[in-house]
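Below you'll find the structure, written out as structure tokens, and then a few comments.
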Amino acid sequence: MYDYYSSPDLYEATSGKYADDLAYYTDLAVNADGLVLELACGTGRVLIPIAESGVQIWGLDASDTMLARASSKVDQLPTEVRQRITLQQGNMVDFKIDQRFKLIMIPFRSFLHVMTVKEQLEALVNFHTHLEESGLLALNFFQPSLSLISSQSRPTKENPKLIHQWTDPITNHQWSSKSAVKHLISEQVIEEYRVFEEVDEQGKLLNKIERNMTLRWIYRFEFEHLLARAGFAVVSLYGDFERTPFGPDSNELVWIARKM
């Protein structure tokens, strides 16, 4: 279920200002010394700063509404920056672009939306095809926590947890985002339910929007095998965006792999 991404306003309000990975992915793109492709580029959170750094970049996303928002933001950029950006709709599993890239990157854990091992491998082979010789693949996703998975293996939709609040700068109404997750252990799947509520200055409920999202978590060595099967060799595995080596206390798996 991907309908969470049908609402660019809500996405940007909750995730649009996330910046922990910006310097990392921008540095990779600048040093790629060639054409860059960002998959699941969304509304341009990472793509636009990279283009502003002087990099020629393509952005691909499966959601037409997210791409429309990205396009409207790109239209407001200076001409020399706009000319570095190409946007295209497509699915990361089977997209076709008549270009080869020095770097393909998938920030913000978006590869976890590929829901089966078959599709994961098809996607990685597709990335391999679209990379230049010795090109790089860079992506990140979370380190699965067995204790968290065990504690959240039952539905909690009736009691979602508050995760974000913000004020609409135009209406001055208060918004909240609440989340409930269910872990399907045997399938390595997370089903997340999000509810967004808008209230006025008196606290009256004006709007309630429900959205769903699914992810499939991936373990470290599982992904190493997938990369090898698709023709990649691991260059680096970090535990954060400061390039700390991955270790037992790492919460993130930050990968760089090379096309072989």
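This chain uses plain numbering: 1 for the first residue, then up along the sequence.
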Taking every non-hydrogen atom, the tightest pair across [X] and [Y]:
X   : Y   : result
I50 : T26 : CG1-OG1, 3.7 Å
G42 : A70 : O-CB, 3.5 Å
A40 : M92 : CB-CE, 4.0 Å
Q88 : I97 : NE2-CG1, 3.7 Å
L67 : C41 : CD2-SG, 3.9 Å
L47 : G59 : CD1-CA, 3.3 Å

Are [Y] and [X] connected into the same hydrophobic cluster when the rule is that any two of I, L, V, M, F, W, Y join if their side-chain heavy atoms are below 4.5 Å apart?
X    : Y    : result
Y193 : I163 : no
I209 : L206 : no
M260 : L137 : no
Y18  : I48  : yes

Residue from L148, I218, L112 passing side chain to side chain contact (heavy atoms under 4.5 Å, CB included) with F142 |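 Going through L148, I218, L112 one by one, the side chain to side chain contact (heavy atoms under 4.5 Å, CB included) with F142 is satisfied by L112 alone.
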Please answer whether the main-chain N or O of [Y] pairs with a side-chain N or O of [X] as donor and acceptor at a distance below 3.5 Å.
X    : Y    : result
K259 : G135 : no
D21  : F241 : no
H173 : E201 : no
Q188 : W217 : yes
E224 : R220 : no

> Are F141 and F223 an aromatic pair by the rule of ring centers under 6.0 Å?
Replying inline: yes
For the residue pair [X] and [Y], does the interplanar ring angle fall in the parallel (under 30°), tilted (30 to 60°) or perpendicular (over 60°) class?
X    : Y    : answer
W166 : H164 : tilted
Y24  : Y238 : perpendicular
W58  : F101 : perpendicular

Pairwise distance [atom1]([X]) to [atom2]([Y]) - rounded to 0.5 angstrom:
X    : Y    : atom1 : atom2 : value
S236 : L28  : OG    : CG    : 9.0 Å
Y219 : Q143 : OH    : CD    : 9.0 Å
L215 : H183 : CG    : NE2   : 9.0 Å
L39  : I106 : CG    : CD1   : 5.0 Å
L237 : N140 : CG    : CG    : 11.0 Å

What verdict does the salt bridge (Lys or Arg N to Asp or Glu O under 4.0 Å) test give for R243 and D27, after you've listed the backbone C-alpha separation in whole Å, the side-chain angles of each residue and the deciding distance to 0.1 Å? CA-CA 12 Å; R243 302 179 190 248; D27 180 67; 2.8 Å; yes
Contact between [X] and [Y] at the side-chain level, heavy atoms closer than 4.5 Å - yes or no?
X    : Y    : answer
S15  : F108 : yes
M105 : L136 : no
Y11  : T65  : no

Next item on the list: Take E122 and V114, measure what side chain to side chain contact (heavy atoms under 4.5 Å, CB included) needs, and give me the verdict at the end.
Entry: CA-CA 10 Å; E122 289 174 354; V114 184; over 6 Å; no
Cluster membership besides V199, Ile/Leu/Val/Met/Phe/Trp/Tyr side chains within less than 4.5 angstrom, sorted by chain and number, is L205
Open item on the list: Suppose clustering is done on Ile, Leu, Val, Met, Phe, Trp and Tyr with side-chain heavy atoms closer than 4.5 Å. Which residues sit in the same group as F221?
Closed with: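 Via sub-4.5 Å side-chain contacts, F221 links to none.
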Other residues, nucleotides, ligands: >12 heavy atoms within 6.0 Å of [X] [atom1]:
X    : atom1 : answer
N251 : CG    : no
D94  : CG    : yes
R229 : CZ    : no
K96  : NZ    : yes

Check against side chain to side chain contact (heavy atoms under 4.5 Å, CB included), S134 and R258
CA-CA 6 Å; S134 299; R258 187 179 304 280; 4.2 Å; yes
Apply side chain to side chain contact (heavy atoms under 4.5 Å, CB included) to the pair V93 and N126, showing each step before the final yes or no.
CA-CA 7 Å; V93 174; N126 197 23; over 6 Å; no
Kindly state each residue pair satisfying side-chain hydrogen bond (donor to acceptor under 3.5 Å, both in side chains) with at least one member in residues 97-111, sequence neighbours excluded.
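Qualifying pairs, neighbours excluded: R109-E252.
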Which is it for K73 and E12 under the salt bridge (Lys or Arg N to Asp or Glu O under 4.0 Å) test, yes or no, and what are the steps along the way?
CA-CA 12 Å; K73 292 164 73 173; E12 291 203 318; 2.8 Å; yes
Before you tell me yes or no, could you show the steps for W175 and N207 under side chain to side chain contact (heavy atoms under 4.5 Å, CB included), namely the whole-Å CA-CA distance, both residues' side-chain angles and the distance that decides it to 0.1 Å?
CA-CA 9 Å; W175 281 86; N207 201 2; 3.8 Å; yes
Next item on the list: List the steps and the verdict of salt bridge (Lys or Arg N to Asp or Glu O under 4.0 Å) for E80 and R84.
Entry: CA-CA 7 Å; E80 65 272 16; R84 298 187 195 115; 5.9 Å; no
